[in-house]
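Structure first, then comments.
The structure presented is a predicted model; accordingly, all values stated were derived computationally and were not measured. Lettering of chains follows the sequences in order, A, B, ..., and the numbering in each one begins at 1.
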Number of protein chains: 4
Amino acid sequence: MSANKYEEIAQAAIRLFQQKGYHATSVQDIADEVGLQKGSLYHYISSKEELLMKIAHQSISGFNRRLEKIIDMEVNHREKLFMAVQTHITVVAANMQMTTVLLREAFSLAEPHATIIQELTDRYLDLWTRIIDEGIAAGEFKPGNSRLKALAILGACNWLYRWYETDGPLSADEISKVFADIFLDGVAYHKPGGSIPPS
Amino acid sequence: MSANKYEEIAQAAIRLFQQKGYHATSVQDIADEVGLQKGSLYHYISSKEELLMKIAHQSISGFNRRLEKIIDMEVNHREKLFMAVQTHITVVAANMQMTTVLLREAFSLAEPHATIIQELTDRYLDLWTRIIDEGIAAGEFKPGNSRLKALAILGACNWLYRWYETDGPLSADEISKVFADIFLDGVAYHKPGGSIPPS
Amino acid sequence: MSANKYEEIAQAAIRLFQQKGYHATSVQDIADEVGLQKGSLYHYISSKEELLMKIAHQSISGFNRRLEKIIDMEVNHREKLFMAVQTHITVVAANMQMTTVLLREAFSLAEPHATIIQELTDRYLDLWTRIIDEGIAAGEFKPGNSRLKALAILGACNWLYRWYETDGPLSADEISKVFADIFLDGVAYHKPGGSIPPS
Amino acid sequence: MSANKYEEIAQAAIRLFQQKGYHATSVQDIADEVGLQKGSLYHYISSKEELLMKIAHQSISGFNRRLEKIIDMEVNHREKLFMAVQTHITVVAANMQMTTVLLREAFSLAEPHATIIQELTDRYLDLWTRIIDEGIAAGEFKPGNSRLKALAILGACNWLYRWYETDGPLSADEISKVFADIFLDGVAYHKPGGSIPPS
DNA sequence: AATGAATGAGCCTTCATTCAT
DNA sequence: GATGAATGAAGGCTCATTCAT
């Protein structure tokens, strides 16, 4: 079983699942896309769902791996949050289709796949929460419900899959700067002498 | 055709579309839920998709209507953004199932429905953008790409449908406060004398 | 769901399963036979296997029911064994197709169906064994492994499904007489003064 | 093409056909069992059905060959019938899997194979019938429909494939004794002075 | 001798929708 | 208004067999 062909099939699946959705994509569609008979696909995959699973797994694993690396870096916490945002947004922008499949279609996974993806997704949220927590502990971030804050930031960043245009005018870097600025300092001007860290 | 029965069907559809997804919900499922035969449903609905459309339309229209009211209020812009956030989150929390159908399932709509929902969604983003724009114009918010900022805030707020638990420990109000605080002032402490509005 | 139509489908299934075998009969074949679309069959049946199960169940249940009645009769044990043989053979002959499905195709049943049919089949053997046992206890039959004897008799009688011809020259009654005679007294002449019951 | 490998494949097929049935056994299953790829099997066999045919043919031929030898022996006819029963049962018991394939699966054979096996099977019945006939002619067996009697005896003996357990408590010899006793003298005690051969 | 990619027909089942009653 | 029988297209998947390498 040539790994090339499998990769080709997976790429076709990513494209189609993104365009039409998992349920609306038939195995026939995928076969057509790679120029095989429907039945021939099954030399490479064991089921349509397995394909979805592989895609989702690869996607969320990538996010986790990258964030873990960032967490291990020795930079201040503003910087770390910025890098996390930037990396996430860069990955989403560079892998719009795959990310869309992860965020929109993984819901169609049955057990035991659903749970596996859910756990990896939970882990990803944990990592973001840790970034906030460590920023608070270091006195760089304001105290508060760190998980909730992580959800706000992660939600905003994930939402990109719904509106980002690969050929649009905004680069991932530009978006990252604006987003990180909001998360760190907000959209409003601050009242002078306002929220200064206690010393 | 009793409007009551239609409403009952729509509620069943909302519940089922949320639980199993639009594609995985069969017309039979809906019929079972309301105690009718599959064929009888078609006295009330013209198609399964129409049901999805109605739900999505009602949902996004509600968001728009509420946000328009807020925009028309005469309060300062920090306050207005807070209210927008609070209202959105309250609505999501109070209508988790319907919001989930809007945000997760409306993608399955075919034309012309897809475009109609897309336009209402675009309009909703426009309203958020206007709130930011007006805050900037009033000197309360920092200048910048307002649409991008609106997308960040809206994304964070929409994402609630993925994690909010109706019977969980967090109230919509608590979440709103944390979220609005992040959007307005960020998670970080500010460097003293930092981003002060130019005078 | 008209019971008539179901019965018609079941009859078609019996005919086809007998002619071609369960696996070689497609749902399409059955649908063709009753003049429905393949999909329409599923208004009446829940699966192809359910059809096989129903047939097998009805068949073995009939055998059990009839044998239980005979066991309860008050006749001597030679007579009782004769009636059991006659009844079994008559039923096989009158329901060749259904019996063939039971004896040849029930093997294709998956769990939990396989076990259910197996238990009913075991029960049938138990009933035959009881007939032998009671004949022995009454001093009419020679002692010995009654279950083994039941298996010999039942095997001979079941085997009918392999060779009996509905339009052939032999009636069920003629066969019954020959078979019962063999089981009771054997094919050989007895050595004079031979196996006489102890007094 | 090594005959060894072919034999290995045939053995695997016997095992699988017996366990799962002919239709439920895939060529892949057989290939797995012998550690070849599916495609490689076709260096040894020309089709799945050919495999079934070979097995069935070998099995029924063995039965015929053995019975012919017995028929040629010079012993009295009670003895001859006993040996026929004993031999048949011993072969079934010693080759349960192969016999099961013959008796349960050969039905799946298409033409011309089906007819060939049928003829060999008919021939086997003829041999049994001859044993009865010759016993009658010799005055050892009671007159009557010899073919029918052969069918009774053969049916009982064939049925073993449905219940015999290789590791069970009953040896082929014990079964043979009980079976032959039934066929020769029946299960019942005889009325004194009863069926004595006319002199 | 062995592989493994590919075929193409066929399998059982589901389903949204229609319509006569 | 309600039924339930019927449709017909499509769905995911299996499989015996072929063949170039």
Side-chain angles (χ1 to χ4, degrees), chain A residues 1-2 4-6 9 22-31 34-52, chain B residues 1-2 4-6 22-31 34-52, chain C residues 1-2 4-6 8-9 22-31 34-52, chain D residues 1-2 4-6 22-31 34-52 110:
Chain A
M1 173 177 112
S2 111
N4 262 6
K5 202 75 181 179
Y6 181 85
I9 291 167
Y22 174 72
H23 277 114
T25 299
S26 71
V27 170
Q28 183 64 251
D29 290 335
I30 302 173
V34 298
L36 282 178
Q37 292 298 114
K38 204 171 26 160
S40 308
L41 268 196
Y42 287 82
H43 277 279
Y44 300 96
I45 67 173
S46 62
S47 73
K48 186 185 162 191
E49 196 189 345
E50 177 232 59
L51 219 33
L52 174 56
Chain B
M1 165 178 119
S2 113
N4 259 7
K5 201 75 182 177
Y6 181 85
Y22 173 72
H23 278 112
T25 299
S26 71
V27 170
Q28 184 68 69
D29 289 336
I30 303 172
V34 298
L36 282 177
Q37 292 306 112
K38 209 175 13 166
S40 310
L41 265 196
Y42 284 83
H43 284 284
Y44 300 96
I45 68 172
S46 63
S47 75
K48 186 184 161 190
E49 196 190 345
E50 178 231 60
L51 220 33
L52 175 57
Chain C
M1 171 177 114
S2 111
N4 263 6
K5 201 78 184 178
Y6 180 85
E8 194 184 336
I9 291 168
Y22 173 73
H23 277 113
T25 299
S26 71
V27 170
Q28 184 62 252
D29 290 335
I30 303 173
V34 298
L36 281 178
Q37 292 298 113
K38 206 172 21 162
S40 309
L41 268 195
Y42 286 82
H43 277 280
Y44 300 96
I45 66 172
S46 63
S47 74
K48 185 186 164 190
E49 196 190 346
E50 177 233 58
L51 219 34
L52 175 57
Chain D
M1 165 177 119
S2 111
N4 260 6
K5 202 75 182 177
Y6 181 85
Y22 173 71
H23 277 111
T25 298
S26 71
V27 170
Q28 183 67 71
D29 289 335
I30 302 172
V34 298
L36 282 178
Q37 291 308 113
K38 206 174 16 164
S40 311
L41 265 197
Y42 284 83
H43 283 284
Y44 300 95
I45 67 173
S46 64
S47 74
K48 185 184 162 190
E49 195 189 347
E50 178 231 58
L51 219 33
L52 175 56

Task: Nearest-angstrom distance from the residue atom CG of L51(B) to P of dT17(E) - done: 10 Å
Open item on the list: How many whole angstroms separate atom NZ of K5(C) from atom C1' of dT7(F)?
Closed with: 13 Å
- [ ] Under 4.0 Å between any heavy atoms, over every strand shown, what does S40(A) touch: base, sugar-phosphate, or nothing? Just pick one.
- [x] base
Task: Protein-nucleotide distance (L52(A), atom CG; dG12(F), atom P), rounded to Å - done: 13 Å
Open item on the list: Rounded at 0.5 Å granularity, tell me how far NE2 in H43(C) sits from CD in Q37(C).
Closed with: 11.5 Å
Task: d(CD1, I30(C); C1', dC12(E)) in whole Å - done: 11 Å
TODO: Check whether any side-chain nitrogen or oxygen of Y42(C) sits under 4.0 Å from OP1 or OP2 of dT14(E), and answer yes or no.
DONE: no
Open item on the list: Can you measure I45(B) atom CD1 to dG1(F) atom P for me and round it to whole angstrom units?
Closed with: 14 Å
- [ ] Could you tell me whether the side chain of K38(B) and the main chain of S26(B) form a donor-acceptor pair under 3.5 Å?
- [x] no
Open item on the list: From NE2 of H23(C) over to P of dG10(E), roughly how many Å is that when rounded to an integer?
Closed with: 18 Å
- [ ] Give none if dT21(F) has no partner; otherwise give the nucleotide forming a Watson-Crick or G-U wobble pair with it, both distances under 3.5 Å.
- [x] dA2(E)
TODO: Would you mind reading off the distance between Y44(A) atom OH and dC13(F) atom P, rounded to a whole angstrom?
DONE: 17 Å
Open item on the list: Can you confirm whether I30(C) sits close enough to L51(C) that some side-chain heavy atom of one is under 4.5 Å from a side-chain heavy atom of the other?
Closed with: yes
Open item on the list: Within the 4.0 Å heavy-atom criterion, would you say T25(C) contacts the bases, only the backbone, or no part of the nucleic acid?
Closed with: sugar-phosphate
Open item on the list: Please find the pair of heavy atoms, one from S47(B) and one from E50(B), that lie closest to each other, and give the distance.
Closed with: OG-N, 3.0 Å
Task: Nearest heavy-atom neighbours spanning T25(C) and K48(C) - done: O-NZ, 2.7 Å
Open item on the list: Students often get this wrong, so: under 4.0 angstrom with heavy atoms, is K38(D) touching a base, only sugar-phosphate, or nothing?
Closed with: base
Task: D29(A) CG to dG12(F) P, straight-line distance once rounded to whole Å - done: 8 Å
Open item on the list: For Q28(D) and A24(A), find the nucleotide of DNA chain F closest to each by heavy atoms; which residue's nucleotide sits nearer the 5' end?
Closed with: A24(A)
Open item on the list: On DNA chain E, compare the nucleotides closest to E49(C) and V27(B); which residue's is nearer the 5' end?
Closed with: E49(C)
Task: Nearest listed nucleotide, side chain of K48(C), among dG12(F), dT7(F), dC12(E) - done: dC12(E)
Open item on the list: Less than 4.0 angstrom between a side-chain N/O of Q37(C) and OP1 or OP2 of dA6(F), yes or no?
Closed with: no
Open item on the list: Just to be sure I understand the rule, does L41(A) reach a base, reach only the sugar-phosphate, or reach nothing, if contact means heavy atoms closer than 4.0 Å?
Closed with: nothing
